[in-house]
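Because the structure is predicted, anything quoted here is derived from the model rather than measured. Heavy atoms only: backbone and side chains are in, while hydrogens, waters and symmetry mates are out. Naming convention: chains lettered A, B, ... in sequence-line order (proteins, then strands); numbering from 1 in each chain.
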Amino acid sequence: MLACKVKITINNISAQKAQAVKSALEPDNVNFPENLSLQIENVDNKLVFIFQGQDNMKKMIATIDEVLEHVQVSLKVIE
Amino acid sequence: MLCLGIESTAHTFACAVVEKNGKIHSDVRKIYRPPEGEGIHPREASRHHIESSTKVLVDSLQQARIKIKDLDIIAYAAGPGLGPCLRVGAVVARSLASYYKIPLYPVHHAIGHIDLGKLLTGAKDPLVLLVSGGHTMLLAFMKEKWRVFGETLDITLGQLLDQFGRSIGFASPCGKNIEELAAKTSTYIQLPYVVKGNDVSFSGLLSATKSISSQKEKACFSLQETAFAMISEATERALSFTKKKELMVVGGVAANKRLSNMLKSICKRQNCKFYVVPQQFAGDCGAQIAWTGLLEATAKKGSALENTFVRQSWRLDSVNINY
Amino acid sequence: MKLIKKGAEGDLYLTTWNKQKSILKVRKKKAYRNPLLDEKIRRQRTIKEAQIIVEAKSFGVDTPLIYLVDIKSCSIVMQHIEGTLVRDLSDSKLVRCCNKIGYIVGTLHKNGIMHGDLTTSNFILSKNKLVTIDFGLANKTSKPEDHAIDLRLLKEILGSAHVYIMKKTWASFLSGYKAIVGPTRLAQVTNLVSVIESRGRYATVV
């Protein structure tokens, strides 16, 4: 059982923007495959993503990839 | 009241701004085309949508000469479709809704086709033939839902045309290419014709057509003649059974002239009016999402952000229509 | 001769045959169809319909008497059945008829025949008997998948045109069907109905 935790922090982001990104991504966190989870926290001027997974590294990387793309799009459209 | 509609269920990423009175102020689309001969890969398509989304959004606002703040509501295609693609539209929609505090409406993609069709054609209570890559169904509205009177037992008409088109080297979506090739001949080769009551089955037809694909033009011609005749027959049965006085055709394949002509012919025989969505709006677009969003807004408030779901499989006949 | 209906399949005329009131069913050419395809469909269906109507009688299923078949014009002259289409009956009568329809379909299936177009407008209630008509899409088959297609179409019709009473009508139908084919076969076929229902969904575009 290989357990892995990945933490990605986005610094210097306004609370309003952080909240928007969080609301945009959270609803899709329900259908994750087994053994994979994502928590999003909005603290101070930071947005923190915590990925936790077991065994399936490929899936985890793919998920992180997609989530980061979504973050990018979200920030871009808010302009 | 202005609505921004966002569509991203499969190969098309689109944004449109529509007003409550039905005026379409802008309609911008970017279509992902997989390499020739290949089908759509969901993740690749979603990457395309991610790259195009900002420009499509900005263009749609500029065309409509408005700013995000001028929007009253936002609607997005919540399904059915390909997961990764759907999520892009949803993320864009939610981001805007949350940051600018605009009410958000999840919309069913196919119901968007139907509602937009009614708006643009003026049909009042039609039997609907929905033919696209994602659906092939005959529907009539009854007791708050669109009820199915006939559908495909396996693949859709759009998938049939697309899969055959790809097998002879075209890039998806192939409908137009097939229509063009088919117009070059009138030699018919017998192919399996399968109608079971109000339903049709295309998989046998697909394999059989692939086996004669060396004669490209005749294969395309025969494929269209057979598949469209099957759809026409199922439609005629449904018309005869439901006794509807209007037929409305929507969905990407509605753009095909040969299909339209066949259906016009049955309508004449069954004494009913024929409506087809204008070619420009037959394929996937933001306007269909925006319009249904506006209709939904007449009956209910926007969804709470946590509840704005995305659903790959979503039966059209399970959606309650309150407007 | 009077035209009484322009059905989806063909035109129906009221006529007489040997002084009996009868129906002339003609599968006319459909201009929108390619002529080769059109000819093949009309001939095949005319022949099949006549053959199967006669065969169904031999298992005790009430069907119209066939007087004449003309393949060249793709027409059949058959007995006229006086009565009401099940589709047009009152709700309570419809529910009861569905039980009888279950018996009828069960009998056809047991004898290796699928009807192919099971809708409530293909059963006529005539003097308390149910007469089955329109065997144009019928086929000789004992495959459970084909029987499931039959049931699924009927279920679709009950769930759309008769949606207000769907639960009752479907249950009534299934009990009549089960009485003939037995619980094992019923389960097998209804499972396949669910399989068909889950197809034709938005499948991932490959």
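- The greatest number of non-hydrogen atom pairs below 4.5 Å with chain C, out of B:Lys264, B:Glu236, B:Glu225, B:Arg258, is found for B:Glu236.
- Residues B:Gly252 and B:Ser132 come closest through the heavy atom pair N-CB, 3.8 Å.
- The contact between B:Lys243 and chain C is made entirely by side chain atoms (from C-beta outward), counting heavy-atom distances below 4.5 Å.
- The contact between B:Met142 and chain C is made entirely by side chain atoms (from C-beta outward), counting heavy-atom distances below 4.5 Å.
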Please determine whether salt bridge (charged side-chain N to carboxylate O under 4.0 Å, His left out) holds for the pair C:Glu156 and B:Arg147, giving the CA-CA distance in whole Å, both sets of side-chain angles, and the decisive distance to 0.1 Å. CA-CA 9 Å; C:Glu156 200 165 54; B:Arg147 312 273 171 183; over 6 Å; no

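- With ring centers used as reference points, B:Trp314 lies under 6.0 Å from B:Phe309.
- Proximity to chain B is limited to the side chain of C:Ile41, based on heavy atoms less than 4.5 angstrom apart.
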From CA spacing to verdict: salt bridge (charged side-chain N to carboxylate O under 4.0 Å, His left out), C:Glu82, C:Lys127: CA-CA 8 Å; C:Glu82 204 79 61; C:Lys127 298 176 191 146; over 6 Å; no

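- Interface remark: C:Leu37 contributes backbone and side-chain atoms alike to the contact with chain B (heavy atom separation under 4.5 Å).
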For the pair C:Lys72 and C:Asp70, evaluate salt bridge (charged side-chain N to carboxylate O under 4.0 Å, His left out) and give the outcome as yes or no after the intermediate values. CA-CA 6 Å; C:Lys72 210 156 164 238; C:Asp70 179 12; over 6 Å; no

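- Both cation-pi conditions hold for C:Arg87 and B:Phe241: the charged atom is under 6.0 angstrom from the six-membered ring centre and inside a 45 degree cone around its axis.
- Chosen from C:Leu118, C:Ile157, C:Asp134, the residue pairing most often with chain B at heavy-atom distances under 4.5 Å is C:Ile157.
- Taking C:Thr120, C:Asn122, C:Leu36, C:Leu137 one by one and counting their heavy-atom pairs under 4.5 Å with chain B, the maximum is reached by C:Leu137.
- By a heavy-atom distance cut of under 4.5 Å, not one residue of residues 54-62 of chain C is near chain B.
- Between B:Glu233 and the options C:Arg42, C:Arg45, C:Lys30, C:Arg27, a salt bridge (Lys or Arg N to Asp or Glu O under 4.0 Å) holds for only C:Arg45.
- For C:Asp146, the part lying under 4.5 angstrom from a heavy atom of chain B is the side chain only.
- The pair C:Lys5-C:Asp11 does not meet the salt-bridge criterion, since no charged nitrogen lies less than 4.0 angstrom from a carboxylate oxygen.
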Checking B:Cys174 against B:Arg166 for the side-chain contact (heavy atoms from CB on, under 4.5 Å) test, could you report, in this order, the C-alpha distance in whole Å, the side-chain angles of both residues, the deciding distance, and whether it holds? CA-CA 7 Å; B:Cys174 319; B:Arg166 273 159 29 208; 4.2 Å; yes

